[in-house]
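Order of the sequence lines fixes the chain letters, A, B, ..., with proteins taken first and strands second; residue numbering starts at 1 for each chain.
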Amino acid sequence: MSDLTSTNGHPLVEHPDRADGEPIPNPGLPEHQPRPTDVDPALERRAERQVAAMFGLATLLALAFCVCYFTIDPEATVFGYGALNLALGGTLGLTMLLIGVGAIQWARKLMTDHEIIEYRHPVRSSDEDREVALTQFRTGSAESGFGRRTLVRNSLLGALGVLGLPAVVLLRDLGPLPGTALEHTVWRRGVRIVNDVAGTPIKPEDVELGQLINAEPALFFPQQKPNGTVVPAEYEGTELNTEKAKAAVILVRMQESEIHPIKPQANWGYQGILCYSKICTHVGCPISLWEHQTHQLLCPCHQSTFDLAHSGRVIFGPAARSLPQLPIGIDSDGYLIAMHDFDEPVGPSYWERG
Amino acid sequence: VKFLSSRRRHPLAGLVVLVFGLVLTGSLYSAFRPASADQSSSDTQLISQGRRLFVASCSSCHGLNAEGVLSKHNTNFGPPLIGVGAAAVDFQVGTGRMPAARPGTQMEARTPVFTAEEIRALSAYVASLGPGPAIPSKNDYDTQGLTAEQIAQGGQFFRTNCTACHNYTGSGGTLLHGRYAPSLLGVNPVYVYEAMLTGPQAMPIFSDGVLAPQEKREIIGYLQSLQDQPGYGGSKLGGLGPVSEGLWGWGAGIGALILATVWISNNGGRVKKKGQ
C-alpha cells in the first residue's frame, strides 16, 4: 500500500501487522443498546403521554396569554412587579419552553434511535462536474458577447466603478472637521454661573464650606434682568446639548488655607470657591462625585481621581491631564461670573491636541 | 353710678381701686405674656440635659466644648461641632451613625443609641453653640401635594446632583478609599433633607441658598416615586446596574443554557440488549 499518502503529502508509515496500514484498529461503533422505552411498551406509552402533556400544556398557556392580555390591568402589580408583564412573559415563555422541551423529549425517548455513520465528502468536486461548470461558463460568456462587445462591457464596468463614488461622498457626513470647536466653550468674561436645572444665579455668600454646586453658564437659561424683563436662553436644541456637554462645571468651596494652586491658577478662585470643568479628562464622563473632606473628585466611570485643592491634578486613575479650572469672580450685582473661557480644551484628549 | 359717686371718698376706696388695678394687670399679663417665657426655661433645661449627654457620650472625640479633637497627624479625629446646627446632630444621632462604635473610614447607619427625647436635648445643646441649620419641619420634606411636574423636576435635580454617588436608582455606590454612598431607598425623608442641608461625612453640602427648600422637597418626592415604582421590567436586581445584571446574565443565564445543552446531548438511560 505504498500509494497511501496523508493530506500533507508525506507517505503514511505502513504498519506491518495491519492490512489497512493504520497503526490502531478502527474501533467502529459501540454496540447498540436500546433505551428503556424501546423494550418496555409501558414506559413507551408513559413517555408518549409526557410529551403530549407538555404540548397540551403549551397550548393552554398560549391561550392563557391571550386571556391575560385582555383581562389584566396594565397598572396592576403583584409582589412589586407589573402583573401584566409578569403574566405575559410567564405564559409565553413557558409555552415556548414546553414546546422545546417536549420536542427534545420526543426525540430522546421515542424517535428511532440507531447510530449511523456519515462520512465527510471531499471538498473538491468531481472532474466531470468541473468540466460541465467550465463549459457552461464559456458558453455563457460566448453567447452574451461579454468578450466581444467591448463597448457594452466597458460601459458596464464604468458604471459599476462610479457606483463607489456615492459611498465615498457620503463619508462627508461624518464631518465637517471640528476645527477649533474643541478648544473653546461658551464661557466668556461676565457670563454668570447658574445652578443647573433651576438656572438661578449664585451669590458667593450662599455657597457654604463643603458645598457642591452643579452649574452651567447662564446662556442656557432664560435670565431675568434687574428691570424685570426676561432674556430668553441663547442656546437651544442640538446646539444647546452640544455646548452643554462642554460647558458643564462644578463649584466647590473649601477653606482658603487648604487651597494650594499651581502658579497661574493662584487667583482663579473666589474666597475659596473654585470652579472646575465637570467633564473628565479621560473619556469625558460627567463627574461630580465630590468628597468635601478630602477635596477629591472621583470619576465613577474609571476611578480617575482629581485633587481640587491642588488645581485639579490627577492623583489616581487613567486620566492624563488635570481637570481644567474656570477662573471666576463676581459682577456688579454680586453674582458669580466667569472671568474668561477655559484656557485649555475641556474633556478627553484628542489626536491633534498632542 | 350714684352708688359709685357717693362712695368714692370712702376710706377704703383707694384700696379697692388698687386691688382692681392689680388684678386687671395680672390677668392681662397672663393672657398676653410672651409664649416663649415658659419655653425658654425648658429650653435651658433641654440644653443642660444635652450638655450632660454630650460630655458623657461625645466629648472623647469632639472635645469637652465641642471644639473638635485633632489626631496625631493633625487631621480631624472628631470634627468641631460649633455651628453644625441641630440638623446635623439629628441626622448623625437619629440614624445611629453617632455615637461611633469605633473610628473608621465611614460611620454606618445603625439602630440609634439615644431616644428621641435625648436626641432633641443633644441637638438643642449643639445648636446653642453656634448658628447652624435647624431640624427641618414636616412641611419642608412632606411630599404631599407635589404635582407630577414637580416630581419630574425633582428627578432632574436628583440626576444632576445626586446620581454621581447615589446611583440613578438611589441605591448607593462606591466612593474613594473604601467609603461608600449609602442607599437612599427606605430612608426617612427628614434624614435625606438633613443630609442635603448638612453634608455628613464625605457628602458635600447642598445649602438652601443654592438648592432651595422647595427643590429639596421635589427631590424627596422623586425618591419616593422611585421607591414606589413597581418593577414593570421584572426584578430590579438591586438597581446596581451592570454588576448585578451581568452577574445574573453570565451566571444564571449562561449556566441554564449549559445545563440545557448537557441534557440535550446526554445519551439517556440504556438497557442491556434483550436476551443477554
Worksheet item: Where does A/T37 contact chain B at under 4.5 Å (heavy atoms): side chain, backbone, both or neither?
Response: neither

Item to complete: Would you sort out whether A/V51 and A/K109 count as a side chain to side chain contact (heavy atoms under 4.5 Å, CB included), showing the intermediate values?
Response: CA-CA 9 Å; A/V51 174; A/K109 298 271 181 187; 6.0 Å; no

Worksheet item: Side chain, backbone, both or neither: which part of B/N266 has a heavy atom under 4.5 Å from chain A?
Response: both

Worksheet item: Between the side chain of B/Q201 and the main-chain N/O of B/M107, is any donor-acceptor distance below 3.5 Å?
Response: yes

Worksheet item: Please walk me through it: do A/K278 and B/T160 pass side chain to side chain contact (heavy atoms under 4.5 Å, CB included)?
Response: CA-CA 11 Å; A/K278 195 180 173 179; B/T160 304; 4.2 Å; yes

Fill in: Ring geometry between A/F220 and A/Y235 (parallel below 30°, tilted from 30 to 60°, perpendicular above 60°)
perpendicular

Worksheet item: What residue, out of A/L84, A/T77, A/V252, A/D113, has the most heavy-atom pairs lying under 4.5 Å from chain B?
Response: A/D113

Worksheet entry | Residue, of A/G89, A/G100, A/A198, that accumulates the most heavy atom pairs under 4.5 Å with chain B | A/A198

Discussion item. If you count heavy-atom pairs within less than 4.5 Å of chain B, which of A/R108, A/E205, A/Q105 leads?
Written reply: A/R108

Discussion item. Which atoms of B/H166 are under 4.5 Å from chain A, going by heavy atoms: the side chain, the backbone, both sets, or neither?
Written reply: neither

Fill in: Contact origin within A/L289 toward chain B - heavy atom pairs under 4.5 Å
both

Worksheet entry | Contact leader toward chain A among B/G173, B/G199, B/P79, B/C165, where contacts are heavy-atom pairs under 4.5 Å | B/C165

Fill in: Contact class of A/R35 relative to chain B, heavy atoms under 4.5 angstrom
both

Worksheet item: Who wins among A/D40, A/V197, A/N85 for the most heavy-atom pairs under 4.5 Å with chain B?
Response: A/V197

Worksheet item: Any chance the SG atoms on A/C301 and A/C285 come in under 2.5 Å?
Response: yes

Worksheet entry | Heavy atoms of other groups near B/R270 CZ, more than 12 under 6.0 Å | yes

Discussion item. Is B/S235 in contact with chain A via its backbone, its side chain, both, or neither, using a 4.5 Å heavy-atom distance?
Written reply: both

Worksheet item: Which one of B/P230, B/G231, B/G209 has the most heavy-atom pairs closer than 4.5 Å to chain A?
Response: B/G231

Worksheet item: Is it the side chain or the backbone of A/P286 that comes within 4.5 Å of chain B heavy atoms, both, or neither?
Response: neither

Discussion item. For a side chain to side chain contact (heavy atoms under 4.5 Å, CB included) check, start with the C-alpha distance between A/D196 and A/F221, then their side-chain angles and the critical distance, and finish with the verdict.
Written reply: CA-CA 9 Å; A/D196 198 357; A/F221 299 90; 3.8 Å; yes

Worksheet entry | Heavy-atom pair count under 4.5 Å with chain B, highest-scoring of A/E291, A/E75, A/E208, A/R253 | A/E291

Worksheet entry | Presence of salt bridge, A/R192 and A/D331, under 4.0 angstrom | yes

Worksheet item: Between the main-chain N or O of B/L211 and the side-chain N or O of B/K216, is there a donor-acceptor pair closer than 3.5 Å?
Response: yes

Worksheet item: B/R179, B/Q156, B/Q229: which one forms the most heavy-atom pairs within less than 4.5 Å of chain A?
Response: B/R179

Worksheet item: Is A/D333 paired with A/K203 through a side-chain N to carboxylate O contact shorter than 4.0 Å?
Response: no

Fill in: Residue part contacting chain B, namely of A/V101, when any heavy atom lies under 4.5 Å
both

